[in-house]
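Just below is one structure, and these are the notes that go with it.
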Amino acid sequence: MSKTVLVSGGAGYIGSHVTVELSQAGYEVVVADNLSNCDLTCLEGVRKILGHPVTFKEMDFCTVKAVEDLFDSFRFDAVIHFAAFKAVGESVSEPLKYYRNNLESFINVVEASRKRGCAVLFSSSATVYGEVDNPPVTEKNDRQSATSPYGNTKQMCEDILRDSAAAYEGLSGIALRYFNPIGAHPSALIGELPRGVPNNLLPYVTQTAAGIRDCLSIFGDDYPTPDGTCLRDYIDVVDLAKAHVCAVGRMLGGKMESAYEIFNIGTGRPVSVLELVKTFEEATGVKVNCRIAPRRPGDVTAIWADPSLAVEKLGWKAERPLVETLRSAWQWQQYVSRK
Ligand code: WQD
């Protein structure tokens with residue numbers, strides 16, 4: 001009897017990739033999403049990749065009754081929670097919108113899960129580490145106070161899961177701290193669909209390469225790094241999705257060593273902004289028009305993961321070469337530009 005996993009926010013970028021990998025690993029997947037930050041493009045792509053539709057429920061996780069009804073309609077063995085607002089800048093201008101949505105939805109999911117023996121996997125972020133003095137970061141690194149309400153909701157949700165797993169018998173949870181997810185499925189049928197002007201680097205690069213944006217602004221080349229631009233750990237979205245399958249397997253396979261565990265999900269390899277742009281141009285043969293602009297407030301100079309705990313305990317490691325990831329992002333951009 002295959003296990004059933006709920007993917008909340010599963011119509012989105014990372015959720016749709018996780019849905020594909022879970023299904024291909026033999027899990028029954030139910031996707032629930034309120035479509036507030038995406039349309040059905042990615043779910044349509046998931047259907048094409050899998051050759052069959054996945055069960056989809058349009059609903060809002062801030063509505064207690066909707067969450068309880070959903071959990072009563074299926075017997076979930078695990079839930080992966082992506083449903084949250086995630087625009088850092090918007091969270092600064094509309095903090096209450098972020099605290100209400102991101103915290104209420106997660107509390108409802110944890111409450112429904114603990115009452116039914118459903119394991120909880122939380123989509124966290126390396127943003128909880130803030131500015132680190134000497135990367136790479138391990139899970140033992142202290143979290144810094146968040147630099148945005150968005151980042152604060154990630155820390156608060158980690159604490160909600162940690163404290164609930166400690167208090168409620170039978171509840172277990174894992175938080176995966178993603179570094180910088182990038183790229184698209186090799187089929188080019190699912191990928192990132194930022195609404196409006198992209199905040200993140202790679203979507204801005206691909207939209208500039210596609211002529212949708214005139215010029216990529218590189219936010220600062222005077223950082224204390226080898227080429228003066230910021231260093232990040234860019235993790236391929238398919239590799240990231242596979243980490244979720246490994247984490248679900250750990251939770252449902254009785255392999256957890258405590259009720260709550262945290263794992264960094266990154267490549268362990270720092271890449272600069274300039275290096276990413278150059279590698280994109282080499283991978284695609286497309287020139288990216290760019291200029292050096294002032295630093296962006298809130299950017300950390302350098303952060304990358306020490307992923308050894310995930311390698312050891314999840315049996316997972318990033319495998320996709322950066323050049324392939326960048327090529328997939330470009331193929332996806334060309335696909336969506338044609339739609
Ligand atoms: C990466 C680098 C920019 C755009 C954010 C969130 C984090 C997580 C991942 C959700 C930085 C530079 C960017 C551009 C640029 N999201 N850049 N020109 O800021 O590391 O992390 O996304 O969990 O929470 O904070 O990612 O892609 O925005 O920036 O030069 O047009 O690219 O300055 O150095 P970031 P990013």
Query - Y99 side chain to N152 side chain, donor-acceptor N/O pair below 3.5 angstrom - result: yes

Report task. Assess whether atom NZ of K278 is packed by more than 12 heavy atoms of other residues, nucleotides or ligands within 6.0 Å. Result -> no

Query raised in the report: Between R269 and Y234, is any side-chain donor less than 3.5 angstrom from a side-chain acceptor?
Result: no

Query raised in the report: Do F82 and H244 have their ring centres less than 6.0 Å from each other?
Result: yes

**Report entry** Side-chain H-bond candidate by donor/acceptor type, R291 with S217, under 3.5 Å
**Finding:** yes

**Report entry** Closest non-hydrogen atom pair, L231 against P226
**Finding:** CD1-CD, 4.2 Å

Query raised in the report: Which atoms form the tightest heavy-atom contact between N102 and F85, and what is the distance?
Result: OD1-N, 2.8 Å

Query raised in the report: Are a donor atom and an acceptor atom from the side chains of D221 and T229 found within less than 3.5 Å of each other?
Result: no

Query raised in the report: Does K154 use its side chain to pair, donor to acceptor, with the backbone of S123 at less than 3.5 Å?
Result: yes

Query raised in the report: Where is the tightest heavy-atom contact between F280 and L202, given as atom of each residue plus distance?
Result: CD1-CD1, 4.3 Å

Query raised in the report: Listed by chain and number, what are the salt bridge (charged side-chain N to carboxylate O under 4.0 Å, His left out) partners of D133, not counting sequence neighbours?
Result: none

Query raised in the report: Parallel, tilted or perpendicular: which fits the ring planes of Y98 and Y150, with parallel below 30° and perpendicular above 60°?
Result: perpendicular

Query raised in the report: With the threshold set at 4.0 Å, does a side-chain nitrogen-carboxylate oxygen contact exist between R116 and D72?
Result: yes

**Report entry** Any residue meeting salt bridge (charged side-chain N to carboxylate O under 4.0 Å, His left out) with E169, in chain and number order, not counting sequence neighbours
**Finding:** none

Query raised in the report: Any idea which heavy atoms bring C42 and A11 closest together, and the distance?
Result: CB-O, 3.6 Å

Report task. Check whether NZ of the Lys or CZ of the Arg R177 lies under 6.0 Å from the centre of the six-membered ring of Y129 and within 45 degrees of that ring's axis. Result -> yes

Query raised in the report: Parallel, tilted or perpendicular: which describes the rings of H81 and F61, with under 30° parallel and over 60° perpendicular?
Result: perpendicular

Query raised in the report: Strictly by modelled atom types, are Y27 and S2 linked by a side-chain donor-acceptor pair under 3.5 Å?
Result: no

Query raised in the report: Quick one: is the NZ or CZ of R295 closer than 6.0 Å to the six-membered ring centre of F219, and within 45° of its axis?
Result: no

Query raised in the report: Relative to the ring of F76, is the ring of F71 parallel (under 30°), tilted (30 to 60°) or perpendicular (over 60°)?
Result: perpendicular

Report task. List the steps, then state whether side chain to side chain contact (heavy atoms under 4.5 Å, CB included) holds for F263 with K313. Result -> CA-CA 9 Å; F263 296 100; K313 302 290 185 187; 3.6 Å; yes

Query raised in the report: Below 4.5 Å, heavy atoms only, C-beta onward: do V110 and Y168 meet side chain to side chain?
Result: no

Requested in this report: Considering non-hydrogen atoms only, spot the tightest contact between N289 and D214 and give its length.
Outcome: ND2-O, 2.9 Å

Query raised in the report: Side chains of V238 and P186: closer than 4.5 Å at any heavy-atom pair?
Result: yes

Report task. Please determine, by modelled atom types, if D306 and T138 share a side-chain donor-acceptor pair under 3.5 angstrom. Result -> no

Requested in this report: Indicate whether any N or O donor in one side chain lies under 3.5 Å from an N or O acceptor in the other, for S337 and Q333.
Outcome: yes

Report task. Quick one: closest heavy-atom pair of N200 and E192, and the distance? Result -> OD1-OE2, 3.9 Å

